[in-house]
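Just so we're clear, the structure is a prediction, and the values are computed from it rather than from any experiment.
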Amino acid sequence: MATERGGIFAGDDPVAIAQRWLTEAEKSEPEDPNAIALATVDEAGLPNVRMVLLKEIEIGEGAFVFYTNFEGTKGKELAANPQAAFVMHWKSLRRQVRVRGPVERVPDAQADAYYDSRSLQSRLGAWASAQSRPLSSRGSLMAEVAKVTATKGPNPERPPFWGGFRIRPVEIELWADGAFRLHDRFRFTRAAPEQGEWAAQRLNP
């Protein structure tokens, strides 16, 4: 029952709980506490999964934000089927968060602000990489980086093919390790993004 929830599971907003857990993980996880395994599907329904970095948890929007190349595999799959799922796992805390929901692009101004906050090398790399497409050699990639560096200068604008996605969850599961594999799991659901309160239910391990 939801009334059993307390301690690390306390609260009625699973997005806010996820943010609280991530803040804890930033103090204990040795590398990339914001890494998520992001799943999409191709035109045949075959899943794809890869590690990406979660860049923001928007409690007010009730959403999770990451950035990528729109012309890469994940970008094309999200354009064709704008739904995604991810899991974020922290060994140091022995906890994980699972999220499922529809996806939308973040506004251009938000993507511009994040792009401008990145290092110059990362901004130039976004221009140089034809993400997910065949590459003849690393040398050719570095040559493209040099070309972009010479043409785009020290303050490149955001590429039109690069930006952010916002996952608006309809389901979030919070998991914490328990002795003898008797883990604590709570699933939060709602009918549609931003509609109604979350319903919480304890699940078997």
Side-chain angles (χ1 to χ4, degrees), residues 13-19 21-22 32-90 95-115 118 122-123 125-135 141 158-175 185-201 203:
D13 182 356
V15 179
I17 297 172
Q19 176 63 77
W21 286 14
L22 176 57
D32 297 330
N34 61 327
I36 62 175
L38 177 73
T40 57
V41 296
D42 67 14
E43 65 278 1
L46 187 65
N48 262 320
V49 65
R50 76 288 284 166
M51 301 304 297
V52 302
L53 295 180
L54 185 70
K55 289 301 180 180
E56 188 175 0
I57 297 178
E58 301 174 319
I59 296 176
E61 294 284 345
F64 299 82
V65 177
F66 65 93
Y67 292 84
T68 191
N69 187 314
F70 296 144
E71 297 176 355
T73 298
K74 78 174 80 68
K76 289 180 178 179
E77 289 179 351
L78 289 171
N81 184 1
Q83 301 181 87
F86 74 76
V87 62
M88 181 163 42
H89 176 242
W90 303 292
R95 300 179 209 167
Q96 68 180 21
V97 177
R98 295 177 58 239
V99 171
R100 303 171 71 211
V103 174
E104 64 188 29
R105 289 192 185 184
V106 304
D108 286 345
Q110 184 175 347
D112 288 341
Y114 172 68
Y115 179 81
R118 305 177 86 206
S122 294
R123 282 179 281 157
W127 276 102
S129 174
Q131 192 178 79
S132 303
R133 281 150 283 179
L135 178 65
L141 174 61
R158 178 175 61 88
F161 52 80
W162 190 96
F165 283 105
R166 174 185 285 148
I167 302 177
R168 293 190 178 274
V170 293
E171 180 178 323
I172 297 176
E173 182 183 313
L174 304 174
W175 178 100
R185 294 174 64 187
F186 288 95
R187 180 175 60 199
F188 293 76
T189 57
R190 58 185 177 184
E194 301 180 73
Q195 292 189 10
E197 296 181 356
W198 289 95
Q201 184 177 39
L203 302 179

| said: For Gly72, is there any backbone N or O sitting under 3.5 Å from a side-chain donor or acceptor partner on Ser132? | reply: no
Which atoms form the tightest heavy-atom contact between [X] and [Y], and what is the distance?
X	Y	answer
Pro169	Ala63	CD-CA, 4.3 Å
Ala126	Tyr115	CB-CE1, 4.1 Å
Arg95	Trp21	NH1-CD1, 3.3 Å
Ile167	Ala84	CD1-CB, 4.2 Å
Pro47	Val41	CA-CG1, 4.0 Å
Leu54	Val65	CD1-O, 3.4 Å

Output all residues satisfying salt bridge (charged side-chain N to carboxylate O under 4.0 Å, His left out) with [X], sequence neighbours left out; order by chain, then residue number.
X	value
Arg185	Glu173
Arg190	none
Asp32	none

| said: For a side chain to side chain contact (heavy atoms under 4.5 Å, CB included) check, start with the C-alpha distance between Val103 and Arg166, then their side-chain angles and the critical distance, and finish with the verdict. | reply: CA-CA 6 Å; Val103 174; Arg166 174 185 285 148; over 6 Å; no
Note, [X] side chain near [Y] side chain (heavy atom, < 4.5 Å):
X	Y	answer
Asn69	Arg133	yes
Gln96	Leu174	no
Glu104	Phe165	no
Pro102	Pro193	yes
Val49	Leu38	no
Trp90	Val97	yes

If you measure from [atom1] on [X] to [atom2] on [Y], what distance do you get to the nearest 0.5 Å?
X	Y	atom1	atom2	result
Arg187	Leu203	CZ	CG	4.5 Å
Glu56	Phe66	CD	CZ	13.5 Å
Gln110	Asp108	CD	CG	10.5 Å
Ile36	Met51	CD1	CE	8.0 Å

| task | Could you check Ile57 against Val15 for side chain to side chain contact (heavy atoms under 4.5 Å, CB included), going step by step and ending with a plain yes or no? | result | CA-CA 7 Å; Ile57 297 178; Val15 179; 3.5 Å; yes
| task | Describe, in one word, how the ring planes of Tyr114 and Trp162 are oriented to each other, choosing from parallel (under 30°), tilted (30 to 60°) and perpendicular (over 60°). | result | parallel
| query | Given the rule in the side chain to side chain contact (heavy atoms under 4.5 Å, CB included) test, do Arg98 and Met88 qualify, once you have shown the distances and angles that lead to the verdict? | reply | CA-CA 7 Å; Arg98 295 177 58 239; Met88 181 163 42; over 6 Å; no
| said: I'd like to know whether CZ of Arg100 has more than 12 heavy-atom contacts from other residues, nucleotides or ligands below 6.0 angstrom. | reply: no
| field | Exercise: do Thr40 and Lys74 side chains pair donor with acceptor under 3.5 Å | value | no
| field | CA sep, side-chain torsions, deciding dist, call: Tyr67, Val106, side chain to side chain contact (heavy atoms under 4.5 Å, CB included) | value | CA-CA 9 Å; Tyr67 292 84; Val106 304; 4.2 Å; yes
| task | Tell me whether the guanidinium CZ or amine NZ of Arg168 lies under 6.0 angstrom from the six-membered ring centre of Phe64 and within 45° of its axis. | result | no
| query | Can you list the residues that meet the ring pair (Phe, Tyr, Trp, His ring centres under 6.0 Å) rule with Trp198, with sequence neighbours excluded? | reply | none
| For Phe188, all residues meeting ring pair (Phe, Tyr, Trp, His ring centres under 6.0 Å), sequence neighbours excluded | none
| said: Any carboxylate oxygen within less than 4.0 angstrom of a Lys/Arg side-chain nitrogen, looking at Glu71 and Lys76? | reply: no
| query | How would you list all residue pairs meeting salt bridge (charged side-chain N to carboxylate O under 4.0 Å, His left out) that involve residues 34-45, not counting sequence neighbours? | reply | none
